[in-house]
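Computed from heavy atoms alone, side chains included, the values below leave out hydrogens, waters and symmetry copies.
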Amino acid sequence: MPNLRLALCQIDPWVGDLARNSEEVLRWSKRAAESGADLIAFPEMALTGYPVEDLAFRGSFVEGSRRSLVELAGKLAAEGLGDIPVLVGYLGRGEPGTKYAGRPQNCAAVLRGGEVVTRFAKHFLPNYGVFDEYRYFVPGDQLTVLRLHGVDVALAICEDIWQEGGRVTATGQAGAGLLLSINGSPYERDKDDVRLELVRRRAAEAGCPLVYLNMVGAQDELVFDGESLIVTADGELLSRGPQFEEALLVVDLDLPAADPDALPDGAVLADGLRLTRVDLGGAPKEQPEPIRPQVGERLDDEAEVYAALVEGTRAYVRKNGMRSVLIGLSGGIDSALVAAIAVDAIGAENVYGVSMPSQYSSQHSRDDAAELARRTGLHFRTVSIAPMFDAYMGATELTGLAEENLQSRLRGTLLMAISNQEGQLVLAPGNKSELAVGYSTLYGDSVGAYGPIKDVYKTLIFQLARWRNAQAEARGEVPPIPENTISKPPSAELRPDQKDTDSLPDYDLLDAVLNRYVEGDQGRDAIVAEGYPAEVVDRVVRLVDLAEYKRRQYPPGPKVSPKNFGRDRRLPITNRWRQG
């Protein structure tokens with residue numbers, strides 16, 4: 001059987017930075033060439049970053065992408081890489097004379113010999129969850145098959161293998177020996193299991209090995225976890241890339257020789273796809289000294305989620321041109337976990353914490369905040385809000401909730417003032433449980449540019465804190481989060497002896513109901529039928545429905561659940577439906 005050495009470049013593209021992304025493709029192509037690769041591949045829209053959203057409507061950006069693609073082909077050849085075909089995703093347009101001429105497309109192209117030798121557009125366009133590709137793109141209508149060193153390689157883009165039929169079925173009809181799919185597949189919990197089973201199933205349907213190349217990094221709310229895969233037609237896992245890390249995966253594949261009697265160029269395949277054959281030449285190769293396939297170890301559940309939160313925070317800070325962050329440290333579990341994430345993301349020297357006690361702040365919470373700073377090495381200061389609070393209370397009569405929220409808003413104002421003065425990006429510490437039921441103060445604890453734990457329920461917050469401490473202990477390091485911060489009952493400390501459970505159900509119960517109502521879209525009756533107390537369900541559902549206006553004003557944060565507040569869940573703010 002002929003051999004093909006494939007190099008998968010699992011990289012982190014930056015949205016909109018065409019020059020940087022082009023240089024990254026060039027840099028990684030050089031590394032791949034040094035490994036003796038016959039074919040080099042990059043992720044979906046690697047040239048533009050992903051997702052580009054409404055940038056797709058800007059003609060200047062589309063043309064910039066197309067121009068950069070041509071220039072990249074020339075640069076590869078100028079660097080002596082012109083003989084190796086390079087597959088790269090980019091933002092393109094429908095070709096003149098076609099049904100969708102001039103309209104934006106999610107494309108990929110093969111570059112070789114200083115030229116763009118072929119291009120194709122994504123066939124299936126996802127329009128669910130975080131995806132709005134019908135808004136931006138028009139579909140492709142061909143199956144491109146490369147003949148290289150005596151092997152036929154069919155090409156696809158992400159959603160093309162998530163849907164039945166299409167390019168997967170067409171690959172089998174064309175008799176290809178390999179299906180190569182480039183992807184921009186965002187992370188969410190447990191998706192890696194779903195993804196592997198999908199790739200195995202599609203490989204069996206195509207009747208050939210399947211290569212699934214994914215990107216890493218993060219873009220606003222989305223985090224990309226890599227974990228590129230290669231499986232055989234019978235489901236054997238040959239190679240798996242690391243999670244949340246850039247990597248070069250090089251593998252030797254023994255593949256069936258191209259069938260000289262296979263369907264000809266122009267044949268019509270499944271879903272009306274037109275077969276486009278591109279002969280890149282090269283004699284069939286026998287296997288050289290084989291490169292041992294890489295099979296990266298998968299992270300456990302807590303490690304995976306924590307890595308996603310760190311990657312999301314790091315990318316947001318760096319890609320927006322910031323160097324340091326500011327966190328209000330209350331001594332509580334939420335701000336402590338946010339601080340640990342920030343330190344792991346950008347280094348303690350770039351993390352600034354400020355304690356802002358009021359008359360209701362307990363001494364142990366003040367001590368816990370200071371101890372967290374000592375353990376992590378972040379910058380720390382204390383600025384009391386008591387004088388500001390007294391000034392407000394002397395000027396107006398506030399009681400109850402208004403008095404409590406005033407303290408939170410004073411802290412938010414102080415954080416933004418320091419941010420403006422010193423140029424730090426404020427991180428908001430709200431968690432998903434609080435955001436779901438509106439247990440937060442607008443323009444107070446919701447203040448910030450990014451919310452690292454926005455999509456993490458409170459019960460998982462505690463699990464992650466314990467996991468992070470255990471990891472530190474295993475490495476012989478000081479655990480970053482004080483034990484007292486984890487063990488004490490959660491409290492906003494806005495009135496004497498306040499506890500979260502004064503206003504909310506126990507978090508285990510609350511999160512269980514929220515998971516069913518938010519992620520599962522179950523109605524009130526269905527949740528009660530599972531055995532949850534009707535009075536609790538009624539209360540939680542009502543709180544969630546009333547808090548939509550607050551959630552819309554909360555900053556973005558990394559998506560780690562199947563349905564986050566933001567791109568995934570889009571309910572009207574003004575909404576009279578209350579049954580659930």
Side-chain angles (χ1 to χ4, degrees), residues 8-15 42-46 49-53 89 126 128-133 157-159 161-162 181-199 212-229 240-247 249 296-319 337-338 341-342 344-345 431-432 450-457 460-461 463-464 467-468 515 518-519 556-569:
L8 306 179
C9 301
Q10 181 177 288
I11 67 168
D12 173 16
W14 290 28
V15 167
F42 289 87
E44 180 177 10
M45 299 192 86
Y50 181 82
V52 297
E53 301 187 76
Y128 55 86
V130 301
F131 303 106
D132 292 307
E133 294 208 9
I157 303 174
C158 203
E159 192 71 12
I161 70 165
W162 284 86
S181 176
I182 61 173
N183 305 271
S185 180
Y187 167 78
E188 63 186 47
R189 288 183 76 183
D190 302 324
K191 190 174 182 180
D192 50 354
D193 295 322
V194 173
R195 197 183 281 150
L196 178 57
E197 289 310 307
L198 171 84
V199 170
Y212 182 96
L213 169 59
N214 197 22
M215 65 173 60
V216 293
Q219 168 62 25
D220 296 340
E221 294 174 307
L222 302 184
V223 180
F224 301 95
D225 57 326
E227 199 178 21
S228 300
L229 303 166
R240 179 172 56 213
Q243 292 175 276
F244 307 103
E245 295 178 23
E246 291 191 308
L249 278 71
E297 291 188 14
R298 294 170 60 181
L299 302 174
D300 61 35
D301 193 44
E302 286 87 358
E304 189 179 85
V305 173
Y306 191 85
L309 301 178
V310 168
E311 182 57 40
T313 302
R314 178 190 297 120
Y316 193 87
V317 173
R318 290 182 176 173
K319 291 181 179 182
L337 184 61
V338 168
I341 290 168
D344 289 340
N431 63 66
K432 191 170 188 175
Y450 196 71
I453 57 173
K454 174 184 179 179
D455 198 31
V456 184
Y457 284 122
L460 182 54
I461 295 289
Q463 293 175 35
L464 293 176
W467 174 87
R468 181 62 183 84
N515 183 63
V518 175
E519 270 82 5
K559 168 184 161 65
V560 296
S561 74
K563 184 173 289 187
N564 74 330
F565 292 130
R567 297 175 67 97
D568 268 327
R569 190 176 188 270

(request) I would like to know whether R314 and D12 meet salt bridge (Lys or Arg N to Asp or Glu O under 4.0 Å); could you show each step before the answer? (result) CA-CA 12 Å; R314 178 190 297 120; D12 173 16; over 6 Å; no
(message) Under a 3.5 Å threshold, yes or no: a donor from one side chain and an acceptor from the other, between D455 and S561?
(response) yes
(message) Any side-chain to backbone donor/acceptor pair from Q243 onto L299? Under 3.5 Å, distance only.
(response) yes
(request) Could you tell me the separation between the CD atom of E221 and the OH atom of Y450, rounded to the nearest 0.5 Å? (result) 8.0 Å
(request) Ignoring hydrogens and angles, tell me if any N or O in the side chain of K319 forms a donor-acceptor pair with the backbone of A218 under 3.5 Å. (result) yes
(request) Quick one: pull up CG in D568 and OH in Y128 and give me the separation to the nearest 0.5 Å. (result) 11.0 Å
(message) Can you tell me how far apart CE (M45) and CD1 (I157) are? Round to the nearest 0.5 Å.
(response) 9.0 Å
(message) What I want to find out is whether D193 reaches R298 closely enough, with some N-O distance under 4.0 Å, to be called a salt bridge.
(response) yes
(request) Please tell me if the side chains of L196 and L229 come closer than 4.5 Å, counting only heavy atoms from C-beta onward. (result) yes
(message) Any heavy-atom pair between the side chains of L222 and R567 that's under 4.5 Å?
(response) yes
(request) Might you work through the side chain to side chain contact (heavy atoms under 4.5 Å, CB included) test for D220 and E53, ending with a clear yes or no? (result) CA-CA 11 Å; D220 296 340; E53 301 187 76; 4.2 Å; yes
(message) For E197, give me all partners under side-chain contact (heavy atoms from CB on, under 4.5 Å), at least two apart in sequence or on another chain.
(response) R200
(message) Any non-hydrogen side-chain atom of L337 less than 4.5 Å from a side-chain atom of Y306?
(response) yes
(message) Measuring only between side-chain heavy atoms, which start at C-beta, is E188 closer than 4.5 Å to V130?
(response) no
(message) Using 0.5 Å steps for rounding, measure from the OG atom of S181 to the CD1 atom of I161.
(response) 4.0 Å
(request) Check whether any side-chain heavy atom of F565 lies under 4.5 Å from a side-chain heavy atom of V518, and answer yes or no. (result) yes
(request) Can you see which heavy atom on G49 is nearest to which on P13, and at what distance? (result) CA-CB, 3.8 Å
(request) Can you spot which of R195, K191, K559 makes a salt bridge (charged side-chain N to carboxylate O under 4.0 Å, His left out) with D225? (result) R195
(message) Tell me if a side-chain donor or acceptor on N214 pairs with a main-chain N or O of Y212 at a distance below 3.5 Å.
(response) no
(request) Show the numbers, then the answer: is there a side chain to side chain contact (heavy atoms under 4.5 Å, CB included) between R189 and D301? (result) CA-CA 8 Å; R189 288 183 76 183; D301 193 44; 2.3 Å; yes
(request) Taking all non-hydrogen atoms of both residues into account, name the closest pair between N183 and C158 and its distance. (result) OD1-CA, 2.9 Å
(request) Taking the side chain as every heavy atom from C-beta outward, state whether V305 and Q463 have any atom pair closer than 4.5 Å. (result) no
(request) Determine the minimum heavy-atom distance between P558 and V223, stating which atoms define it. (result) CB-CG2, 3.8 Å
(request) Give the intermediate values and the outcome of side chain to side chain contact (heavy atoms under 4.5 Å, CB included) for residues L460 and V560. (result) CA-CA 11 Å; L460 182 54; V560 296; 5.6 Å; no
(request) Return the minimal non-hydrogen interatomic distance between F42 and C9, and the atom names on each side. (result) CE2-CB, 3.3 Å
(message) With a 4.5 Å cut-off on side-chain heavy atoms, are W162 and L198 touching?
(response) yes
(request) Go through the structure and list residues passing ring pair (Phe, Tyr, Trp, His ring centres under 6.0 Å) with F244, not counting sequence neighbours. (result) Y187
(message) Taking the basic N atoms (NZ, or NE/NH1/NH2) and the acidic carboxylate oxygens, is any pair closer than 4.0 Å for R240 and D192?
(response) no
(message) Donor-acceptor pair, distance only, cut-off 3.5 Å: does the side chain of Q10 make one with the backbone of G241?
(response) no
(request) Evaluate the side-chain proximity of F224 to S185: yes if any heavy-atom separation is below 4.5 Å, no if none is. (result) no
(request) Report the residues that fulfil side-chain contact (heavy atoms from CB on, under 4.5 Å) with P43, sequence neighbours left out, ordered by chain and then residue number. (result) I11, A46, L213, M215
(request) Please assess I453 against I341 for the test side chain to side chain contact (heavy atoms under 4.5 Å, CB included), listing each intermediate value before the final yes or no. (result) CA-CA 9 Å; I453 57 173; I341 290 168; 3.9 Å; yes
